[in-house]
Each structure stands twice: as C-alpha cells, then as structure tokens.
> 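My questions all concern the structure below.
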Amino acid sequence: MKLRHFLRVWDFSKDEAQNVIERALELKSLQTLPKTLDGKILGLLFEKPSTRTRVSFESAMLRLGGQSIYLPSRELQLSRGEPVKDTARVLSSYLDAVVLRTYSHDTVEEFARYSTIPVINGLTDKHHPCQALSDVMTVIESGIDLGKAKIAWIGDGNNVCQSWLEASALFEFEFVIACPEGYEPDAELVKEAKEKYHAKVIITHDPEEAVRDADAVNTDVWVSMGQEKEAEDRKKVFGKYQVNQELLKLAKPTAVVLHCLPAHRGEEITEEVLEGSQSVVWRQAENKMWLHMALLEFLLVKS
Ligand code: CP
Ligand code: NVA
C-alpha cells in the first residue's frame with residue numbers, strides 16, 4: 001500500500017476528499033460498524049490540548065476494532081530535546097498511523113518526511129484539514145448544494161479558515177472571508193488557490209458583505225492556541241466580527257451556522273446563535289468521529 005499523509009486538504013484530490021466524505025456518511029448510516037481497523041494502532045502525539053480531535057480519533061479507532069495511544073508531547077523525550085526526525089522513525093516501528101497536533105506546521109512536515117507510517121495533521125498553526133473535511137461533510141449532510149453555495153467565514157484568517165480555503169478550492173464553492181485588516185489568511189495561499197485552482201475566494205473587511213445570502217456562516221475563536229499573549233489586542237480588533245442574530249438575518253433563511261468549537265460565547269458568536277435553530281455545531285462535532293473513521297480507513301486500508 002502506498003504511504004500517504006494528510007497534512008493539508010490539498011494532499012487529497014477532489015475525488016479522494018469526496019470519497020472519504022461519502023464513506024463517512026455511509027459509516028454514520030450503518031447499524032453495525034465493520035471492524036476494518038482490527039489490529040491497527042494509532043498514536044496521538046499532541047503538543048496542544050484537545051477535546052474533540054483527540055476523543056473522536058480514539059473513539060473512531062475503538063469502534064472500528066483498532067486501538068490508540070495518547071502521547072502528550074510533554075511526556076515524551078521530545079520535551080527533553082530528542083529530535084522530531086528520531087521520534088518519527090521510532091514511533092513508525094510501533095504504530096500504524098499517527099495524528100500530530102503541534103504549534104509549528106514545519107514539525108508535522110518534518111515528522112512526515114521521516115515517518116514510514118501515515119501522518120495526519122490534527123491541527124497546526126497553519127492548517128486543520130480534518131476539521132475542514134468533516135465540516136464540509138456537515139454542510140453536505142445539511143442538504144446544501146456545495147458547488148452552488150456561498151459560505152461565509154467571519155473572524156480570523158487562521159488555521160481552520162486556511163483549511164476551509166483549500167476545501168473551497170477543491171469543492172468549488174464561493175468562500176467569502178470577512179476579517180480585520182492584518183488578519184487575512186496567508187497571501188501566498190490565497191494566490192495559489194486562485195491561480196492553481198481558480199478558487200472563488202473573496203476577502204473583505206465587511207461581515208455583512210460576507211454573510212449576505214450565504215448558505216452557511218462559519219466562525220472560530222478570535223484567539224487561537226498559542227496566541228494567548230495577543231488576547232487583549234485581538235479582542236479589541238475583532239469586536240465587530242461577531243456572528244449574532246442581527247448579522248445572521250442577512251444570510252439565507254435556510255443557512256446553517258458552523259463553529260469548530262470550543263466557542264467563546266459573547267466573543268466570536270452569541271449564545272443565542274450558538275444555541276439557536278440554525279446552529280449545527282453539535283452535529284458538526286459528532287461528524288469529526290465519522291470523518292476520522294473514513295480517513296483512517298482510506299490511509300490504512302484502502303489507498
Ligand atoms: N475542533 C477541534 O479541533 O476541537 P479540539 O481542539 O477540542 O480538538
Ligand atoms: N483556531 C483554533 C481552533 C481550535 C480547534 C485554534 O487553533 O486554537
């Protein structure tokens with residue numbers, strides 16, 4: 001089987017991403033799950049905290065007959081200076097796949113260069129590809145015709161936004177990002193998305209323009225993990241980039257509201273919207289588990 005990694009959305013073709021999503025939806029519909037990952041062991045090497053990504057991957061493994069080992073980086077020799085490349089080669093001989101959650105995206109890339117098992121990016125400062133794929137699954141499941149959809153992003157041009165941007169290029173939906181000046185997604189990434197994929201990406205500083213007639217409204221925290229020192233400044237700059245009921249009224253009445261969670265009520269989203277009838281955030285969180293099952297099958301059994 002050919003060794004494949006999933007470090008960013010663009011590591012997959014449109015067909016591959018679509019197949020993984022379709023398989024995730026199929027698995028979700030089954031009464032009894034197949035033991036397709038019987039005997040497989042997944043490592044979860046995490047530098048940052050996680051509720052959803054960690055538990056959904058662990059649960060995905062267990063439900064499909066596999067097992068997992070949680071490896072907080074502070075408990076590994078990595079924290080005492082053992083090189084990433086040495087860790088990658090050693091763990092490759094014990095495990096069948098590994099999920100990494102790190103600060104620097106370079107760490108995940110370096111790990112993958114030395115790894116002989118599939119490496120999955122479970123979030124870095126640049127990308128959160130598993131999140132974007134399971135979110136796209138949630139949008140499709142909501143009955144939205146992705147190819148014709150306008151999807152709004154309100155807030156920071158961060159890791160989740162950048163993975164969504166890559167997803168928009170693959171799935172050909174319009175992706176309108178409303179962010180404060182200086183908090184846009186990476187300019188090189190935007191350029192590549194437009195030139196190579198003809199992506200329909202629009203960047204504005206006006207949340208109303210982004211949300212008007214949108215099929216889905218998506219947001220994320222103003223302060224990501226690792227940016228704690230910037231928290232006060234960010235809260236001032238991001239003030240008007242809040243998904244509240246007034247803003248949501250501009251979207252289509254059928255629009256769904258997405259948030260990868262954890263949410264900060266009263267900052268990027270109001271309690272009313274998060275708990276409101278258009279919010280699909282709990283199903284979105286659940287879908288991470290189904291998507292991770294399909295992704296693990298793709299990397300460990302099918303490719
Ligand atoms: N959405 C997400 O990745 O959540 P966790 O940080 O809890 O894994
Ligand atoms: N942008 C957030 C996502 C958390 C799942 C962060 O990186 O902290």
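Just so you know, these numbers use all the heavy atoms, side chains as well, and skip hydrogens, waters and symmetry mates. In listed order, ligands and their atoms are each counted from 1. Computed from a predicted structure; not experimentally measured. Quick note: residue numbers are just sequence positions, from 1.
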> Which one holds for Leu123 and ligand 1: side chain close, backbone close, both close, or neither close, with close meaning a heavy atom under 4.0 Å?
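None of Leu123 does.
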> Hey, does Arg101 come in under 3.5 Å of ligand 2, counting only N/O atoms on both sides?
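Between Arg101 and ligand 2 (N or O atoms, distance only) the closest approach is not under 3.5 Å.
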> Could you tell me whether Phe298 and Phe6 have their ring centroids closer than 6.0 angstrom?
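Centroid separation for Phe298 and Phe6: 6.0 Å or greater.
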> Heavy-atom pairs closer than 4.0 Å: do any link ligand 1 to the side chain of Lys48, the backbone, both, or neither?
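No part of Lys48 comes within reach of ligand 1.
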> Which of the numbered atoms in ligand 1 are below 4.0 angstrom from a heavy atom of Cys260?
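Those qualifying, in numeric order: 1 (N).
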> Between Asn159 and ligand 2, is there a nitrogen or oxygen pair with a distance under 3.5 Å?
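In this structure, Asn159 places an N or O atom under 3.5 Å from an N or O of ligand 2.
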> Between Ser163 and Val9, what is the shortest heavy-atom contact and its length?
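Shortest heavy-atom contact: O-CG2, 3.6 Å.
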> Looking only at heavy atoms, is any part of Leu123 under 4.0 Å from ligand 2, and if so is it the side chain, the backbone, or both, or is it neither?
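It is the side chain that gets close, since no backbone atom is under 4.0 Å.
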> Could you establish whether Leu261 and ligand 2 come within less than 4.0 Å of each other, counting only heavy atoms on the residue side?
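Leu261: in contact with ligand 2 (<4.0 Å).
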> Regarding atom 3 (C) of ligand 2: of the candidates Asp156, Asp220, Val223, which has the closest heavy atom?
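That would be Asp220.
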> At less than 4.0 angstrom from any non-hydrogen atom of Gln131, what atoms of ligand 1 do you find?
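Listed by number with element: 1 (N), 2 (C), 3 (O).
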> Where does Arg101 meet ligand 1, judged by heavy-atom distances below 4.0 Å: at the side chain, the backbone, both, or neither?
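Side chain only.
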> Would you mind running through ligand 1 and noting each atom that sits below 4.0 Å from a heavy atom of Lys288?
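What qualifies from ligand 1 is 1 (N), 2 (C), 3 (O).
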> Numbering the atoms of ligand 1 from 1, which are under 4.0 Å from a heavy atom of Thr51?
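Close to Thr51: 5 (P), 7 (O), 8 (O).
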> Do the non-hydrogen side-chain atoms of Leu45 and Ser73 ever get within less than 4.5 Å of each other?
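A side-chain contact exists here, since the closest heavy-atom pair is under 4.5 Å.
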> Mind listing the closest non-hydrogen atom pair of Asp156 and Trp222 along with its distance?
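Shortest heavy-atom separation between Asp156 and Trp222 comes out as OD2-O, 4.1 Å.
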> Considering only non-hydrogen protein atoms, determine which one is nearest to atom 8 (O) of ligand 2 and report residue, atom name and distance to 0.1 Å.
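The answer is Met225 N, 2.8 Å.
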> Are any of the N/O atoms in Val221 less than 3.5 Å from those in ligand 2?
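Such a contact does not occur with ligand 2.
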> Taking the six-membered ring for Trp, are Tyr241 and Trp153 closer than 6.0 Å centroid to centroid?
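They do not qualify: ring centres at least 6.0 Å apart.
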> Which of the numbered atoms in ligand 1 are below 4.0 angstrom from a heavy atom of Leu261?
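So the answer, numbered in order with elements, is 1 (N), 2 (C), 4 (O).
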> In this structure, which one of Lys240, Lys235, Lys236 forms a salt bridge (charged side-chain N to carboxylate O under 4.0 Å, His left out) with Glu267?
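Running salt bridge (charged side-chain N to carboxylate O under 4.0 Å, His left out) over Lys240, Lys235, Lys236 with Glu267 returns exactly one hit, Lys235.
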> Please answer: with hydrophobic residues joined when any side-chain heavy atoms are less than 4.5 Å apart, are Leu296 and Trp290 in the same cluster?
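In one cluster with Leu296: Trp290, yes.
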> Which residue supplies the protein heavy atom nearest to atom 4 (O) of ligand 1, what is that atom called, and how far is it?
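Checked against all protein heavy atoms, atom 4 (O) of ligand 1 sits closest to Arg52 NE, 2.9 Å.
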> When you check the gap from the basic side-chain N to the acidic O, do Arg113 and Glu110 get nearer than 4.0 Å?
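A salt bridge is absent here (no side-chain N lies under 4.0 Å from a carboxylate O).
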> For ligand 2, indicate whether the residue Thr53 contacts it via side chain, backbone, both or neither (heavy-atom separation under 4.0 Å).
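It is neither; nothing of Thr53 touches ligand 2.
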> Same hydrophobic cluster for Leu91 and Phe46, using side-chain heavy-atom links shorter than 4.5 Å among ILVMFWY?
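Looking at the clustering, Phe46 is in a separate group from Leu91.
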> For Arg54 and Ser68, test the side chains for any donor-to-acceptor distance below 3.5 angstrom and give the result as yes or no.
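The criterion, which ignores hydrogens and geometry beyond distance, is not satisfied for Ser68 and Arg54.
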> Against heavy atoms of His128, which atoms of ligand 1 measure under 4.0 Å?
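Under 4.0 Å from His128, ligand 1 has these atoms: 2 (C), 3 (O).
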> Hey, is ligand 2 close enough to Ser224 that some N/O pair sits below 3.5 Å?
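Min N/O separation from ligand 2 is below 3.5 Å for Ser224.
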> Show the nearest heavy-atom pair for residues Glu16 and Asp11, with the distance to one decimal.
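That would be OE1-O, 4.1 Å.
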> Can a salt bridge be assigned to the pair Arg212 and Asp206 using a cut-off of 4.0 Å between side-chain N and carboxylate O?
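Salt bridge flag = no for Asp206 with Arg212.
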